[in-house]
Structures are given as structure tokens and as C-alpha cells.
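The block underneath contains the structure these notes are about, expressed in C-alpha cells.
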Number of protein chains: 2
Amino acid sequence: MSQDGPGRADAQVIAGAIGALVLRANRMHLYDELLGGHGGDGGVAGVDRATYPVISGLARIGPCTTSELADQIGLDRTVASRHATRLQQAGLLARQPSPDDLRSTVLRLTPEGERCVQALRTRLEDLVLAALPDWPPERTHRFAHDLGQVVHNLTGVAAEPGHDHP
Amino acid sequence: MSQDGPGRADAQVIAGAIGALVLRANRMHLYDELLGGHGGDGGVAGVDRATYPVISGLARIGPCTTSELADQIGLDRTVASRHATRLQQAGLLARQPSPDDLRSTVLRLTPEGERCVQALRTRLEDLVLAALPDWPPERTHRFAHDLGQVVHNLTGVAAEPGHDHP
DNA sequence: TATTGTTATACTCTATAACTATA
DNA sequence: TATAGTTATAGAGTATAACAATA
């Protein structure tokens with residue numbers, strides 16, 4: 001179908017899988033399942049497709065300034081600031097003046113924000129668990145490790161336990 | 001860090017990797033590399049982040065109506081129609097009246113559109129190849145197969161060679 | 001003068017509503 | 001009446017520009 005080469009056929013399969021994951025239709029479906037689009041409950045007030053990367057990113061990198069967070073999640077400072085305001089209004093995030101630099105504001109999750117992120121992480125992990133075939137434990141473990149490595153090489157972002165959810 | 005369970009730690013790693021892939025910052029970077037944001041060349045006229053899913057989806061599922069294509073890629077008919085118009089103006093796509101139903105329009109890639117999609121596919125595969133560690137061939141092959149299966153389970157979309165790029 | 005955070009404005013993409021033609 | 005396609009309008013999200021405060 002294409003020219004051959006070292007591992008070209010495997011690369012085609014991997015590229016197809018990555019493409020499917022990133023495809024808008026599947027991405028949105030995943031977000032909906034994660035953020036509570038399935039039933040009447042589930043949804044957390046203040047957290048939607050726009051604010052989720054902000055609260056998740058803040059949980060991943062810890063308390064930081066607006067600019068640092070914006071860089072990490074690939075948004076403009078102004079957008080991160082507005083989403084942070086929404087999360088603050090929902091009681092999931094708090095702003096503190098930075099002691100070092102009075103220009104800066106440190107963003108920090110509230111205890112309720114921490115609980116919210118933890119719940120979303122667990123839900124995403126459950127979705128993954130449900131999608132994993134019935135492999136022997138070693139095979140699952142190797143797959144997880146290998147996927148983390150490939151994604152790391154592809155994005156430059158480490159993918160480790162308890163970090164880097166979407 | 002979280003409650004344990006069958007394969008919970010592995011699920012955390014996998015969830016982290018998937019989250020990283022879907023994260024806007026990394027997704028956009030991948031799209032930019034694919035669509036020619038790296039140098040002066042590379043970019044194909046008429047193909048950008050908005051139209052790429054349309055032309056790629058059309059290549060994946062073959063000639064079809066606007067509605068069918070829109071469903072496949074997760075867009076509204078109206079949006080797919082407008083993007084198709086842009087691709088048509090760029091000479092990558094052609095509209096034909098459907099012989100069966102005069103209400104329908106069949107979308108089909110032009111030869112230039114086919115070449116364009118093939119070039120983008122190859123470029124994505126090259127990105128994947130560059131991100132693959134120096135594994136023994138069997139390990140790469142198994143990883144590709146396993147990833148395809150997990151993504152299929154997670155999205156309901158098959159990921160096979162030559163299909164389903166982002 | 002440069003930088004942080006924020007607010008005001010404009011742009012892009014997508015979805016809903018309205019319209020035409022055909023079934 | 002219902003459906004396919006398109007066009008017109010509105011909504012959500014993001015980026016650029018402008019401002020105030022601090023370095």
C-alpha cells in the first residue's frame with residue numbers, strides 16, 4: 001500500500017491508532033465520558049472541556065503562576081487566566097499573591113479541587129482498564145511501559161503514574 | 001498514590017500517555033509538524049487543522065456523501081460541507097451528484113487529493129518511526145498490534161495500516 | 001524598560017436555524 | 001412529510017492588543 005522500509009507496516013498501524021485517538025470525534029467522546037456526559041450525575045460543577053486541562057495541569061505540575069501553567073498546557077496566558085477564574089468561582093482553585101514577586105499570582109488547588117482531580121483520574125483509569133484486553137500481567141506492564149516511552153519521544157512529555165492526564 | 005487494584009498502576013501509566021497525546025499543547029505540535037509548521041515548505045495549500053480531518057476521513061472511508069463523512073469525523077454536516085468546499089477550491093476534492101439519490105452529493109478525492117493524503121500519511125509515519133525506540137522487530141510489531149487493539153476498544157474505531165490517520 | 005496578570009477586542013471553528021430541492 | 005445539502009446566524013474558545021502594577 002505504501003513503500004516499505006524498516007518497520008513501515010508497524011509504523012502505519014501505530015500512526016493509525018494515534019490518529020484515531022486524536023481524531024475529534026473520539027477525543028470528544030472520551031472527554032464526555034470522563035467529564036460526565038453519560039448520565040445525569042458525574043459532571044463536576046465548573047469542570048468542562050475548556051477548564052479540565054487547566055485543573056488537570058495544575059494538579060500535574062503543582063502550585064505555579066498563571067504563565068507557567070499556560071505554557072505547560074499550551075494555552076495563552078489570557079485564556080488560562082479566564083479559565084482559572086471559572087475554577088476559582090467553582091471553589092476548585094485559589095489564587096495567592098506570590099511572596100517572591102508581587103506581580104505574580106500563585107494558583108493552587110483547593111482541597112475540593114484535589115478531590116475533583118483525583119476522581120477524574122480514577123475515572124480515566126477505569127476507562128483504560130475497561131479497554132485493556134485480558135492480557136497476562138507482564139504483557140500489560142510491558143505495553144504500558146512501551147507506550148509511555150513512545151509518547152514521551154513523540155511529545156517530549158513524560159507519562160508517569162499519577163501524572164499527565166489529558 | 002491511588003487505590004490499588006488489578007493493573008491499576010499500569011492503567012495509570014497508559015492513562016497518562018493517552019492524556020499527554022490528547023493534550024492540546026502536544027496535539028497542536030503534532031498537527032503543526034504534520035501540516036508543515038516546521039519550515040517554509042511542507043504545508044499543502046488548502047489543508048490545515050480544520051480541513052485535514054475532512055480530507056483524511058474521506059481517504060479513509062472512500063467516496064461518500066457529506067453526511068456520512070461528517071458522522072465519521074465527528075462534525076456537523078454544515079461544517080463538513082464548508083470544509084469540503086475549501087478543499088474543492090484547492091483542487092483536492094470533487095463533488096458529484098449521486099446517481100441513486102439526487103439530493104445527495106458524493107465527495108471524492110481528486111488525484112491531487114490522493115497524492116496529498118499519501119504524502120501526509122507518510123510524513124506521520126516518519127514521525128512515528130522517529131519516535132520508536134530501537135526495539136527488536138518482534139517487540140515493535142507486538143506493540144503496534146496491542147496499541148491498535150487498545151485504541152479500538154477505547155474508541156470503537158479500528159486502526160489498521162493505511163487507515164485512520166488523524 | 002521589561003514582565004505579570006488581567007480585561008477588551010477580534011478571529012477561528014463549530015453548532016443551530018432557515019432555505020431549497022428531492023424522496 | 002421527511003431528508004440531503006447548503007447558507008445565514010449565533011455560540012464557544014482562543015489569540016492579539018491594551019492596560020495597571022511591579023520588577
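None of the values given here were measured: they were computed from a predicted structure. Reminder, nothing fancy here: chain letters follow the sequence lines and each chain counts from 1. Quick note: numbers below take in every heavy atom, side chains included, and nothing from hydrogens, waters or symmetry partners.
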Nearest-angstrom distance from the residue atom [atom1] of [X] to [atom2] of [N]:
| X | N | atom1 | atom2 | value |
| --- | --- | --- | --- | --- |
| Tyr52(A) | dA12(D) | OH | P | 22 Å |
| Ile73(A) | dG13(D) | CD1 | C1' | 13 Å |
| Arg49(A) | dT14(C) | CZ | P | 12 Å |
| Asp32(B) | dT14(D) | CG | C1' | 14 Å |
| Asp71(A) | dT4(C) | CG | C1' | 12 Å |

Discussion item. I need a per-nucleotide contact map over nucleotides 15-23 of chain C, read 5' to 3'. Cutoff is protein heavy atoms under 4.0 Å; write B for the base, S for backbone only, - otherwise.
Written reply: BBB----BS
Worksheet item: Can you list every pair that meets salt bridge (Lys or Arg N to Asp or Glu O under 4.0 Å) and has a residue in residues 69-94 of chain B, with sequence neighbours left out?
Response: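 Applying salt bridge (Lys or Arg N to Asp or Glu O under 4.0 Å) to every pair that reaches into residues 69-94 of chain B, excluding sequence neighbours, yields Asp48(B)-Arg86(B).
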Fill in: Where at least one partner belongs to residues 87-137 of chain A, residue pairs that pass ring pair (Phe, Tyr, Trp, His ring centres under 6.0 Å), sequence neighbours excluded
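For residues 87-137 of chain A, and leaving out neighbouring residues, the ring pair (Phe, Tyr, Trp, His ring centres under 6.0 Å) pairs sorted by first residue read Trp135(A)-Phe143(A).
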Worksheet item: Would one find a side-chain N or O of Ser67(B) under 4.0 angstrom from OP1 or OP2 of dA4(D)?
Response: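 Negative; the distance criterion is not met.
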Item to complete: From the options Asp100(B), Asp101(B), Thr105(B), select the one residue that forms a side-chain contact (heavy atoms from CB on, under 4.5 Å) with Arg103(B).
Response: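 That would be Asp101(B).
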Discussion item. Is it the case that the side chain of Arg27(A) and the backbone of Val22(A) share a donor-acceptor pair, with hydrogens and angles ignored and the cut-off at 3.5 Å?
Written reply: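 Flag set: sc Arg27(A) to bb Val22(A) pair under 3.5 Å.
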Item to complete: For Thr51(B) and Gly46(B), indicate whether the former's side chain and the latter's backbone hold a donor-acceptor pair under 3.5 Å.
Response: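 Answer holds: yes.
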Fill in: Arg142(A) CZ: over 12 foreign heavy atoms closer than 6.0 Å
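Atom CZ in Arg142(A) is not crowded, with 12 or fewer foreign heavy atoms closer than 6.0 Å.
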Item to complete: Strictly below 4.0 Å, heavy-atom distances to any atom of DNA chain D: list the hits from residues 89-98 of chain A, or just say none.
Response: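 Heavy-atom cutoff 4.0 Å gives no residues at all.
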Worksheet item: With sequence neighbours excluded, what pairs up with Ile61(B) under the side chain to side chain contact (heavy atoms under 4.5 Å, CB included) test?
Response: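 With sequence neighbours excluded, Ile61(B) shows a side chain to side chain contact (heavy atoms under 4.5 Å, CB included) to Cys64(B), Leu69(B), Gln72(B), given in chain and number order.
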Worksheet entry | For Ala90(B), all residues meeting side chain to side chain contact (heavy atoms under 4.5 Å, CB included), sequence neighbours excluded |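 Scan of Ala90(B) (side chain to side chain contact (heavy atoms under 4.5 Å, CB included), adjacent residues dropped) gives Leu92(B).
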Worksheet item: For DNA chain D, whose closest nucleotide is more 5', that of His83(A) or that of Thr65(B)?
Response: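 It is Thr65(B), whose closest nucleotide lies nearer the 5' terminus.
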